[in-house]
Amino acid sequence: MIKRLILLIILLLPALSGEIQAAVPESLSLLASPGPLTALHARYDSDCLKCHSIGGGVPDRLCLDCHKQLRTRTEQNLGYHAQLEKKCFACHPDHAGRKFDIVPRELLKPEVFRHQRTGFPLDGAHAALQCNSCHRERSYLQQQTDCVFCHQPPHQGQFAATPCADCHSAAGSWTPDRFKHERAKFKLEGAHSEADCSDCHGEGRFRGRAKQGCADCHQPPHQGQFAATPCADCHSAAGSWTPDRFKHERAKFQLEGAHKEADCSDCHNDGRFRGRSNQGCADCHQQPHQGQFAATPCADCHSAAGSWRPDRFKHERAKFKLEGAHKEADCSDCHSDGRFRGRSNQGCADCHQQPHQGQFAATPCADCHSAAGSWTPDLFKHERAKFKLEGAHKETDCSDCHSDGRFRGRSNQGCADCHLEPHQGQFAATPCADCHSAAGSWSPDRFKHERAKFQLEGDHLEADCNACHSEGRFRGRASQGCADCHLDPHSGLRGADCIRCHNPRGWDLDLSSHSEGPFPLEGRHARLTCNQCHRDDRLVRLNSDCTSCHRDPHRNQFGSRNCDRCHAPSGWLPPTFRHISAGFILDGRHRSTNCRGCHPGRNYRNTPIDCESCHNDDLRRSRNPSHPNAGINGDCRQCHNTSAWQGARYNHPFYLLAGPHNNAMRCNACHVGGNRYDLNASRCSGCHPRPLHPGHPHPDGDMPDHTVPHLHGHEPCAKCHFTDTWQNVRFHSMGRN
């Protein structure tokens with residue numbers, strides 16, 4: 001009643017005179033307000049009807065009475081707000097305090113706000129801008145969509161009457177991508193298409209320019225020689241201003257070969273194009289032959305296609321045919337003095353220095369050498385010297401054996417003639433060929449090591465000879481076994497029988513022998529190093545009990561030989577123990593409980609399995625109901641389960657809970673005080689005492705007096721009432737008046 005009165009006073013405040021309204025305390029209006037207004041609306045704290053209507057609600061028209069600029073834009077169907085169908089207060093709520101920001105900043109984030117609804121979609125270069133690049137003021141209503149609102153026109157008023165969008169777009173990054181230059185009666189082609197606007201309009205003038213042709217932008221480089229000739233006769237924009245249209249035949253000189261690749265300035269380096277005399281090759285090229293071919297036209301030997309090499313000259317005309325390496329030689333290699341005519345032909349010695357010190361003076365060079373073989377003695381057969389070249393000898397350079405330059409009169413002493421004997425005379429009576437061959441690159445490829453009573457296997461086959469015979473001794477070596485070559489890393493503590501753990505296939509441990517004993521290496525054991533178990537570096541047999549290496553965390557509760565019942569060599573954790581074997585299955589929350597939670601002090605034997613043994617503190621702290629006060633100390637599983645201790649469910653077998661009794665009713669609603677669990681369930685009056693609802697009008701008149709014996713004394717309440725609802729009773733007289 002008081003709230004209604006206050007609301008009525010608030011609604012009548014605008015109708016009261018100023019004196020009466022002033023007499024009403026401001027705090028009275030705040031009694032009906034849900035909270036202070038934002039700082040922007042603070043002056044309307046006492047003027048509720050500034051925003052609210054008497055009939056209720058916050059109509060948009062009242063908002064627009066203050067926000068007149070927004071009203072104008074929405075009436076003209078302009079801007080973001082004109083597209084919205086929501087009420088103003090849906091986005092701009094108030095009564096949240098003075099510091100509340102009534103502008104929905106979350107909706108203005110670029111990833112949320114859809115700018116196209118303002119009538120100005122962000123595309124092209126606009127899309128990458130930050131909001132404050134255009135909206136420098138707090139109010140977004142001041143923003144205009146005209147280009148000049150943000151961009152300074154660079155055209156000095158020449159296009160004042162032309163919309164910017166006729167030539168520019170945001171997609172083109174403000175270049176005049178929409179402008180067609182044909183409109184200016186000058187089509188851009190070739191290199192003109194790639195030119196920047198400022199290249200031609202450097203002074204910023206676009207309108208009223210005189211069109212003088214090429215000379216309007218390009219400085220003629222020809223010193224007036226072609227003043228009467230249109231530039232387009234020789235040049236085009238497509239050719240990047242090279243004279244691509246000029247045909248040199250018009251100058252009575254056709255360009256061919258290297259001439260076609262030459263730059264104009266190579267020949268016209270003085271800038272003269274007209275009135276030049278044509279003296280032939282000598283007009284541009286310096287004659288290098290010292291007048292030897294003055295009567296011979298240059299074209300007899302040279303052509304522009306051959307890059308000025310004497311590609312047309314046939315050397316057979318000089319009675320010396322070029323073959324093999326001669327064909328690849330440069331002219332100056334043989335004609336180093338520039339002489340081509342009158343040279344004597346002395347054969348090979350005319351150009352090549354004879355390296356044999358006269359040993360083959362009577363033998364023509366061509367008997368052993370040819371130009372095709374690049375001057376190696378490719379025609380010489382070494383069998384003629386009674387020594388056939390095989391294997392590595394064939395790949396050897398002549399100077400390796402004939403280092404002194406002697407080829408004739410050499411004695412042939414066999415291998416020792418060229419090779420130093422490295423064996424210190426140990427094999428003086430043994431021919432080298434018994435062990436070595438040229439095909440094997442001088443390795444002892446023919447020697448079988450079994451002859452030394454030591455067969456090479458595994459890594460020994462790949463070992464170099466001097467790895468074992470480092471001192472050069474091959475005969476008379478005592479064989480002490482592995483220790484003869486390999487340093488014993490075990491200091492003799494593991495005996496001399498190395499092959500128990502190692503083999504020549506690799507010096508890594510071969511632990512296959514370990515599987516033959518009583519303790520095969522499996523799982524994590526297979527990754528251990530020997531000294532992790534054999535710490536004293538002796539291969540003595542260890543105790544195979546787990547506790548000989550591993551600390552027993554169970555304090556010998558399970559004996560020292562039963563670890564494998566729960567643990568495996570593949571990993572000590574998690575154990576493979578099945579808790580059901582202990583007579584207690586782990587389910588629900590028990591599965592994730594740490595072992596020590598139930599087995600404190602790591603005591604695993606004789607652990608009780610009743611709930612109270614572990615949950616005694618939970619039982620003592622129970623409140624709804626208090627189990628100790630209520631005398632509840634029976635089987636916890638009647639109400640609780642292992643999935644969760646909270647949310648107990650009791651079946652209530654001696655009294656069926658139905659209707660409101662079973663509507664998420666808490667136990668202490670009936671069992672008041674937490675210890676009344678001995679209620680008589682057969683009597684409703686245990687919870688619903690008489691008289692019921694005294695003085696409350698009955699639907700059919702006055703409520704019957706339930707104290708009358710025939711209504712309640714010995715009749716159960718269920719005769720009239722039901723557990724689904726106590727109202728709408730149905731009484732059957734059962735023959736009584």
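Note that the numbering runs from 1 along the sequence shown for the chain.
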[X] vs [Y] side-chain heavy atoms within contact, under 4.5 Å:
X: P36; Y: F100; value: no
X: D101; Y: T38; value: no
X: Q116; Y: T118; value: no
X: S570; Y: R524; value: no

From [atom1] ([X]) to [atom2] ([Y]), nearest 0.5 Å:
X: C134; Y: H151; atom1: SG; atom2: NE2; value: 6.5 Å
X: D47; Y: H41; atom1: CG; atom2: NE2; value: 12.0 Å
X: S169; Y: F179; atom1: OG; atom2: CZ; value: 14.5 Å
X: Q152; Y: C150; atom1: CD; atom2: SG; value: 11.5 Å
X: S592; Y: L586; atom1: OG; atom2: CG; value: 10.0 Å
X: H92; Y: H67; atom1: NE2; atom2: NE2; value: 8.0 Å

Assess whether atom [atom1] of [X] is packed by more than 12 heavy atoms of other residues, nucleotides or ligands within 6.0 Å.
X: E316; atom1: CD; result: yes
X: E203; atom1: CD; result: yes
X: Q286; atom1: CD; result: no
X: R114; atom1: CZ; result: no
X: Q130; atom1: CD; result: no

Nearest heavy-atom pair of [X] and [Y]: which atoms, and what distance?
X: L62; Y: L49; answer: CD1-O, 4.1 Å
X: P93; Y: I102; answer: O-CG1, 3.3 Å
X: C51; Y: P59; answer: O-CD, 3.7 Å
X: H268; Y: R272; answer: ND1-O, 2.7 Å
X: C66; Y: Y44; answer: SG-OH, 4.0 Å

Here the salt bridge (charged side-chain N to carboxylate O under 4.0 Å, His left out) pairs for residues 231-245, sequence neighbours left out, are none

By salt bridge (Lys or Arg N to Asp or Glu O under 4.0 Å), which residues pair with [X], not counting sequence neighbours?
X: D618; value: R621
X: R98; value: D45
X: D266; value: none
X: K109; value: E106

Tell me whether the rings of [X] and [Y] are parallel (<30°), tilted (30 to 60°) or perpendicular (>60°).
X: H222; Y: H235; value: parallel
X: H335; Y: H315; value: tilted
X: H115; Y: F113; value: perpendicular
X: H192; Y: H218; value: tilted

Give a yes or no answer on whether the side chain of [X] reaches the backbone of [Y] with a donor-acceptor pair at less than 3.5 Å.
X: T593; Y: R589; value: yes
X: T74; Y: L70; value: yes
X: Q292; Y: R341; value: yes
X: N641; Y: S643; value: yes
X: T72; Y: K68; value: yes
X: H52; Y: V58; value: no
X: H201; Y: R205; value: yes

Under 3.5 Å, which donor-acceptor pairs link side chains of residues 76-87 to any protein atom two or more places apart or in another chain?
none

Under the criterion salt bridge (charged side-chain N to carboxylate O under 4.0 Å, His left out), I'd like the reasoning laid out for R71 against D65: C-alpha separation, chi angles, the key distance, then a yes or no.
CA-CA 8 Å; R71 177 194 290 277; D65 282 346; 2.6 Å; yes

Got a salt bridge between D587 and R591, using NZ or NE/NH1/NH2 to carboxylate O under 4.0 Å?
no

F320-H326 aromatic ring centre distance below 6.0 Å:
yes

